[in-house]
> 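Here you go, one structure.
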Amino acid sequence: QVQLVESGGGSVQVGGSLRLSCAASGATNRSYSMGWFRQAPGKEREGVAGILGDGYTDYVDSVKGRFTIYKDNAKNILSLQMNSLKPEDTATYYCAAVCTDRRTAGRRTTCYEYKYWGQGTQVTVSS
């Protein structure tokens, strides 16, 4: 069992930055994948970024170049640095761990589903 607790959400203006953190506890293991998802009101959940146990990272096209996912294995903390934020980034962001649906297409590997989820943290970007 893995417990995940997100923090760092808040309100920011367009172009601003936020850093989300996710503290993992329980049966933590540096080899498992972790990721960030988001869900805006009335929209489906969307995978934002993922990091595999070997350090490979994957991002949805809309955040590439703006967001960076990082995992501190020593502290069991997953982070998401979000820069140049846009109104369309407004959503509840969820941390997830232990990939259960991993797919590779060409050079890209994406995890579409995870076993453990955090409670979410709200990010609001206003113009």
Side-chain angles (χ1 to χ4, degrees):
Q1 194 80 2
V2 176
Q3 294 80 43
L4 304 171
V5 179
E6 301 100 332
S7 61
S11 297
V12 65
Q13 292 189 330
V14 169
S17 299
L18 282 174
R19 184 177 181 88
L20 304 183
S21 294
C22 172
S25 60
T28 57
N29 186 316
R30 65 175 59 195
S31 67
Y32 59 63
S33 302
M34 296 187 74
W36 288 98
F37 285 70
R38 65 186 179 187
Q39 188 166 22
K43 294 188 177 181
E44 293 187 355
R45 187 184 68 188
E46 175 185 45
V48 176
I51 183 167
L52 303 182
D54 62 2
Y56 170 89
T57 57
D58 180 61
Y59 299 90
V60 68
D61 287 345
S62 61
V63 307
K64 284 181 179 178
R66 299 189 298 123
F67 290 11
T68 302
I69 188 171
Y70 173 73
K71 185 182 178 189
D72 186 331
N73 290 315
K75 297 181 179 179
N76 293 321
I77 294 177
L78 180 72
S79 300
L80 184 68
Q81 178 65 42
M82 305 186 295
N83 299 326
S84 301
L85 284 162
K86 304 175 180 180
E88 51 263 44
D89 295 319
T90 295
T92 300
Y93 283 70
Y94 298 89
C95 170
V98 184
C99 183
T100 58
D101 183 2
R102 175 174 164 174
R103 309 176 198 175
T104 297
R107 293 184 176 183
R108 186 174 182 178
T109 298
T110 302
C111 182
Y112 289 89
E113 188 60 71
Y114 288 82
K115 185 174 182 179
Y116 302 104
W117 294 83
Q119 82 288 353
T121 185
Q122 179 66 34
V123 171
T124 303
V125 184
S126 58
S127 56

> Looking at NZ of Lys71 and OG1 of Thr57, how far apart are the two atoms once the value is rounded to the nearest 0.5 Å?
13.0 Å

> Count I, L, V, M, F, W, Y as connected when their side-chain heavy atoms are under 4.5 Å apart, and connections chain through other members. Are Leu4 and Val98 then in the same cluster?
yes

> Are there more than 12 heavy atoms of other residues, nucleotides or ligands under 6.0 Å from atom NZ of Lys43?
no

> When you compare the side chain of Met34 with that of Ile69, does any pair of heavy atoms fall below 4.5 Å?
no

> Taking 4.0 angstrom as the limit, do Asp61 and Lys64 come out as a salt bridge?
yes

> Say whether Val12 and Met82 are linked into one hydrophobic cluster, either directly or through other cluster members, by side-chain heavy-atom distances under 4.5 angstrom.
yes

> With rounding to the nearest 0.5 angstrom, report the OG to CG distance, Ser33 to Asp101.
11.5 Å

> Out of curiosity, Arg102 CZ to Thr110 OG1, how far, rounded to the nearest 0.5 Å?
10.0 Å

> Check whether the side chains of Thr90 and Thr124 place a donor and an acceptor atom closer than 3.5 Å, and report yes or no.
no

> For the residue pair Tyr93 and Glu6, establish whether any side-chain heavy-atom pair is separated by less than 4.5 Å.
no

> Got a sec, which hydrophobics cluster with Phe37, joining ILVMFWY side chains under 4.5 Å apart, including via others?
Tyr94, Tyr114, Trp117

> Shortest non-hydrogen contact from Val2 to Ala97?
CG1-CB, 4.5 Å

> Applying the side chain to side chain contact (heavy atoms under 4.5 Å, CB included) test to Leu80, which of Leu20, Leu18, Thr68 qualifies?
Leu20

> Check whether Val123 and Val60 end up in the same hydrophobic cluster, where Ile, Leu, Val, Met, Phe, Trp and Tyr are linked by side-chain heavy atoms less than 4.5 Å apart.
yes

> Quick one: OG1 on Thr109 to CZ on Arg107, what's the gap to the nearest 0.5 Å?
12.0 Å

> Of all heavy-atom pairs between Ala40 and Ala91, which one has the smallest distance, and what is that distance?
N-CB, 3.8 Å

> Output, in order, the C-alpha distance, side-chain angles, deciding distance and verdict of side-chain hydrogen bond (donor to acceptor under 3.5 Å, both in side chains) for Ser126 and Gln13.
CA-CA 5 Å; Ser126 58; Gln13 292 189 330; 5.3 Å; no

> Any side-chain heavy atom of Lys86 within less than 4.5 Å of one from Ser62?
no

> Listing request: all salt bridge (Lys or Arg N to Asp or Glu O under 4.0 Å) pairs with a residue in residues 109-127, at least two apart in sequence or in separate chains.
Arg45-Glu113

> Check the pair Arg103, Tyr112 against side chain to side chain contact (heavy atoms under 4.5 Å, CB included), reporting the backbone distance first and the verdict last.
CA-CA 8 Å; Arg103 309 176 198 175; Tyr112 289 89; 3.5 Å; yes

> Is any side-chain heavy atom of Val14 less than 4.5 Å from a side-chain heavy atom of Pro87?
yes

> Using 0.5 Å steps for rounding, measure from the OH atom of Tyr56 to the CZ atom of Arg108.
7.0 Å

> Please answer: with hydrophobic residues joined when any side-chain heavy atoms are less than 4.5 Å apart, are Tyr116 and Ile51 in the same cluster?
yes

> Taking the side chain as everything from C-beta on, heavy atoms only, tell me whether Val63 gets closer than 4.5 Å to Arg38.
yes

> If I take atom OG from residue Ser84 and atom CZ from residue Phe67, how far apart are they, to the nearest 0.5 angstrom?
9.0 Å

